[in-house]
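In what follows, a single structure is set out as structure tokens and then discussed.
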Amino acid sequence: MNYVLLPPAMKDSLPQIIEAGVQAAISDLYGADGAAQTITLQATRKEFEGEFTVVTFPLTRVAKKKPDEIANDLGEYLKEKVDEVADFNVIKGFLNLVIQDNYWKEFLLSSAVADDFGKASANGETVVVEFSSPNTNKPLHLGHVRNILLGWSASQLLEMAGYDVKKVQIINDRGIAICKSMLAWQLFGDGATPESTGKKSDHFVGDFYVLFEQKFQEEYKLWQQSEEAQAIFGKSAKEGLSAEAFFKSYSKKYFNDYSKLGEQAREMLLRWEANDPEVRALWEKMNNWVYAGFEETYAALGVTFDKLYYESNTYVLGKDMVDKGLEMDVFHTREDGSVYADLTDAKLSEKTLMRADGTSIYITQDLGTARLRYDDFGAKRMLYTVADEQNHHFATLFELLKRLEEPYADGLYHLSYGMVDLPSGRMKSREGTVVDADDLMKEVIHEARLVSQERAATEGLSQEDQDAIIRQIGLAALKFHIIKVGPQKRMTFDPKESVDMQGQTGPYVQNAYVRTRAVWRKADETGASADLDLAKDYTDLAPAERELVHQLYGFPELVKTAAESYDPSLIAMFCYELAKNLHKFWHDHSILSAETPAAIAFRLQLCKAVGNTLQSGMNLLGIQVPERM
RNA sequence: GGGCCCGUAGCUCAGGGGAUAGAGCACCUGACUUCUAAUCUGGCGGUCGCAGGUUCGAAUCCUGCCGGGCUCACCA
């Protein structure tokens, strides 16, 4: 990957320079093959002076000396022979290296201040990122929010790392669930519409889904009193099982075999599949309501997609993939005509891909959809942002595509993430504990408004501008709170903590950015110069200044790492640390009344670079930064 | 039962061979005449689930156990 990071004279990174220097030192001082040694290099702990630390313990064998002596040897050598190394100190076998101020200055003023700092040049590769992918029977909830933030951030990261990213979602727009909403609307809706009720349209449809479940439960409760039901209970219930427990587990069976409502819903699904014009029209009407609602939510979250796939189209796909598999002899036919793949040698199970009646199943569609996306975009990498409950499904899907020798098979990745719990436990739609995405945003924005009202920082701005800022702050709190947790981890979402605006939060980072902007506004007023040549005259960087520059220095590499591991939480942590150091610097040093004009210019440039980097970092997370707050 | 994931401060989370294990919240504490106090200072807080092993060095790697989650459909 080519990073537009350093001017030609600085094309080797500091770790590379140091490593080469240490290897040369080993050859020169100890007569061993330095190039054969792996050098352990790490960031210097902040309680010691220096930026990079060489761990000398592993070198005792080649050097035949004590760690402290080796560290001193190496330190002397590097200080003398490597321009970038200004000084060193040794603590218990750890060699801490201090980098030349000139190097940091050159880096800051020529690279870090650039608007595209950290951005890789295009690599000509396309990657498809799937995320969100909701059902159309109810509005988006907290679980979707984590999914969307992860998928979006991964997309932004990949883009910054040089990829051409296509953001897609597959919308589950068919099946029994939407039929339930449709039926409830038909039976109990009385011709109501989102307009007539003033409800947000996806919530309107979701409410009918809930209503269906209510009516179904009422019907079910009534049926449980019947002789038929009691007979079944008497016959099928195991010893000691209460009626309540039995009927709870029997619900699905009741829906399929006895329920009037169930029968009607299933009939609607059949009519849908038979392309019944009336049902199709209703289906389109209700789905369009849902889409309009989703659109609002996506817009509020600030996400967009390049292409939408609909299951009503893709559920027929995959049959040619099955044929291909049969031809290649990686899939096999059973006696009843059904098709399966034996994946037991890959520590997976035997997987059916086609029923005896020739109809396909879920995973078959996914085979076809993967191929369709490849045909659409030519992407050899595809990312699926889906909760970890589907780990096995994706392992199976990827294995199948590999055996089919699909050209993109090696570039498939399941961006798996842990589900979101509430402090009270798991979210359950049946128990009404699901946190709605729209409500959530409303709440954090409300909270941001309250905090904002105690301050006067945005006085003089139009109401519209103030509202926009408040929105940005509230959403920053929410998004940062979710994205700062590593994807793999199941997370507990406490609504109280999600509206925090102090400490390790989005608004804290935003505030650091705002400060870097405020000082530039003031500089414009007072006519303070930020001239680059003037800034170069600054000497003797303060520890807080080198710390900031050093941190900026790591950003491009971090973007690369985060993109490769699809882990936005790394960026969130970086933004927080950078903001923290900016705040500390701000507190300890004056910028516009620094000792010399050169110091003022340097610090202004430092603020600019930090501000730009905070902005890029936050944008990678789908978070905006305001100019004032 | 098999497979995968998780277990670190009261709570939410970082760290995934290297120095005395870190942040934030909460609690206690000090700092606004200044470029934004949504900030900064100090304090309190730990058998890194348990037990073995590998290593100069283990929260980190290996093995076994304990606890939690997900999954192993001709459901989606």
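Sequence lines set the chain letters: A, B, ... in the order given, protein chains first and strands last, and positions in each chain run from 1.
Side-chain atoms of A:Val485 lie closest to B:rC13 of the nucleotides B:rU36, B:rC13, B:rA19. Comparing B:rG18, B:rU36, B:rC6 against the side chain of A:Gln488 picks out B:rC6 as the nearest. Closest to the A:Gln390 side chain, of the nucleotides B:rC74, B:rA76, B:rA19, is B:rA76. Residue A:Met491 places its side chain closer to B:rC13 than to any other of B:rC74, B:rC13, B:rU36. Distances from the side chain of A:Lys584 to the nucleotides B:rC13, B:rU36, B:rC40 place B:rC40 closest. Candidate nucleotides B:rC72, B:rC13, B:rC6 were compared by shortest atom distance to the side chain of A:Ser349, and B:rC72 ranks first. Residue A:His392 has its side chain nearest to B:rU71 when only B:rA14, B:rG18, B:rU71 are considered.
When the P atom is used for both B:rG15 and B:rG22, the distance is 15 Å, rounded to whole Å. Taking atom P in both B:rC65 and B:rG2, one finds a spacing of 9 Å when rounded to whole Å. Comparing B:rG18 with B:rU60, their C1' atoms are spaced 11 Å from each other, to the whole Å. Taking atom C1' on both nucleotides, B:rC32 is separated from B:rG16 by 42 Å, rounded to a whole Å. If you take atom P in B:rC61 and the same atom in B:rG45, they sit 29 Å apart, rounded to whole Å. For the P atoms, the distance from B:rC25 to B:rC6 is 27 Å, rounded to whole Å. Taking atom P in both B:rA59 and B:rG24, the straight-line distance is 24 Å, to the nearest Å. Across B:rA9 and B:rG43, the matching C1' atoms stand 15 Å from one another, rounded to whole Å.
Residues satisfying the ring-ring contact (aromatic ring centres under 6.0 Å, His included) criterion with A:Phe94, sequence neighbours excluded, are A:Phe57. With sequence neighbours left out, the ring-ring contact (aromatic ring centres under 6.0 Å, His included) criterion links A:Tyr538 to A:Phe602. Judged as a ring-ring contact (aromatic ring centres under 6.0 Å, His included), and not counting sequence neighbours, the contacts of A:Phe398 are A:Tyr384, A:Phe394.
Between B:rU12 and A:Lys496, no contact under 4.0 Å exists linking OP1 or OP2 to a side-chain N or O. Neither OP1 nor OP2 of B:rA73 sits under 4.0 Å from any side-chain N or O of A:Arg355. Dashed line: the shortest gap from a side-chain N or O of A:Trp586 to OP1 or OP2 of B:rU34 is not under 4.0 Å. In this model, the phosphate group of B:rC35 is not approached by any side-chain N or O of A:Arg517 to a distance below 4.0 Å at OP1 or OP2. Distances shown here put every side-chain N or O of A:Arg515 at or beyond 4.0 Å from the OP1 or OP2 atom of B:rU36.
Among the protein residues, A:Arg426 comes within range of the sugar-phosphate backbone only, with heavy atoms under 4.0 Å from sugar or phosphate atoms but none that close to a base. Residue A:Tyr362 is classed as a base contact, given a heavy-atom separation below 4.0 Å to a base. Heavy atoms of A:Lys347 sit nowhere under 4.0 angstrom from any nucleic acid atom. Heavy atoms of A:Ile361 sit under 4.0 angstrom from primed sugar atoms or phosphate atoms, though from no base atom. Contacts of A:Leu353 with the nucleic acid, taken as non-hydrogen atoms under 4.0 Å apart, are absent. No contact: A:Gln510 has no heavy atom under 4.0 Å from any strand. Residue-level contact check: A:Arg490 touches the backbone only, with heavy atoms under 4.0 Å from sugar-phosphate atoms and none from bases. Nucleic acid contact class of A:Gly486 (heavy atoms, under 4.0 Å, all strands): sugar-phosphate only. Within the nucleic acid shown, A:Ser416 has no heavy atom closer than 4.0 Å to any nucleic acid atom. Residue-level contact check: A:Met419 touches neither bases nor backbone, having no heavy atom under 4.0 Å from any strand. Looking at heavy-atom distances under 4.0 Å, A:His589 makes contact with a base. Contacts of A:Asn581 with the nucleic acid, taken as non-hydrogen atoms under 4.0 Å apart, are absent. Using a 4.0 Å heavy-atom cutoff across all strands shown, A:Asn172 reaches sugar-phosphate atoms only and no base atom. Heavy atoms of A:Val451 sit under 4.0 angstrom from at least one base atom.
Separating the CG atom of A:Asn391 from the P atom of B:rG3 is a distance of 15 Å, rounded to the nearest angstrom. When rounded to the nearest whole Å, the span between CZ of A:Phe585 and P of B:rU39 equals 19 Å. Remark: P of B:rA76 and CG of A:Asp366 are 10 Å apart, rounded to the nearest angstrom. Atom CZ in A:Phe52 sits roughly 17 Å away from atom C1' in B:rG18 (whole-Å rounding). Per the geometry, CG belonging to A:Leu558 stands 11 Å off P belonging to B:rG15, to the nearest Å. What separates NZ of A:Lys351 from C1' of B:rA73 is a distance of 6 Å, to the nearest Å. To the nearest angstrom, C1' of B:rG7 lies 8 Å from NZ of A:Lys489. Atom CG in A:Leu582 sits about 12 Å away from atom P in B:rA37, given to the nearest Å.
Stacking between A:Phe94 and B:rG18 is absent: the aromatic ring centre is not both under 5.5 angstrom from the base six-membered ring centre and within 30 degrees in plane angle.
Seen from the ring of A:Tyr417, A:Arg146 does not count as a face-on cation partner, given the 6.0 Å and 45° thresholds.
Smallest separation of non-hydrogen atoms from A:Gly506 and A:Met618: O-CE, 3.7 Å.
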Exercise. Determine which bases of RNA chain B form Watson-Crick or G-U wobble pairs with both distances under 3.5 Å, and write the result as a 5' to 3' dot-bracket string with | for other-strand partners.
Key: (((((((..((((....[...)))).((.((.......)).)).....(((((..]....))))))))))))....
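Under the 4.5 Å side-chain criterion, counting only non-hydrogen atoms from C-beta, A:Leu592 is in contact with A:Lys522. Taking 4.5 Å as the limit, some side-chain heavy atom of A:Glu311 sits within range of a side-chain heavy atom of A:Tyr362.
In terms of modelled atom types and a separation under 3.5 Å, the side chain of A:Asp388 and the main chain of A:Asn391 share no donor-acceptor contact.
To the nearest 0.5 Å, atoms CG (A:Asp73) and CG (A:Asp68) are separated by 10.5 Å. Rounded to the nearest 0.5 Å, atoms CD (A:Gln390) and CG (A:Asp366) are 8.5 Å apart.
Each of A:Pro487 and A:Met501 has a nearest nucleotide on RNA chain B; the 5'-most of these lies closest to A:Pro487. When each of A:Lys46 and A:Thr40 is assigned the nucleotide of RNA chain B bearing its nearest heavy atom, the one mapping closer to the 5' terminus is A:Thr40.
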Which protein N or O atoms sit under 3.5 Å from an N or O of nucleotides 24-27 of chain B?
unit_1	atom_1	unit_2	atom_2	d
B:rG24	O2'	A:Gln504	N	3.3

Enumerate the protein-to-nucleotides 53-58 of chain B contacts in which both atoms are nitrogen or oxygen and the separation is below 3.5 Å.
none

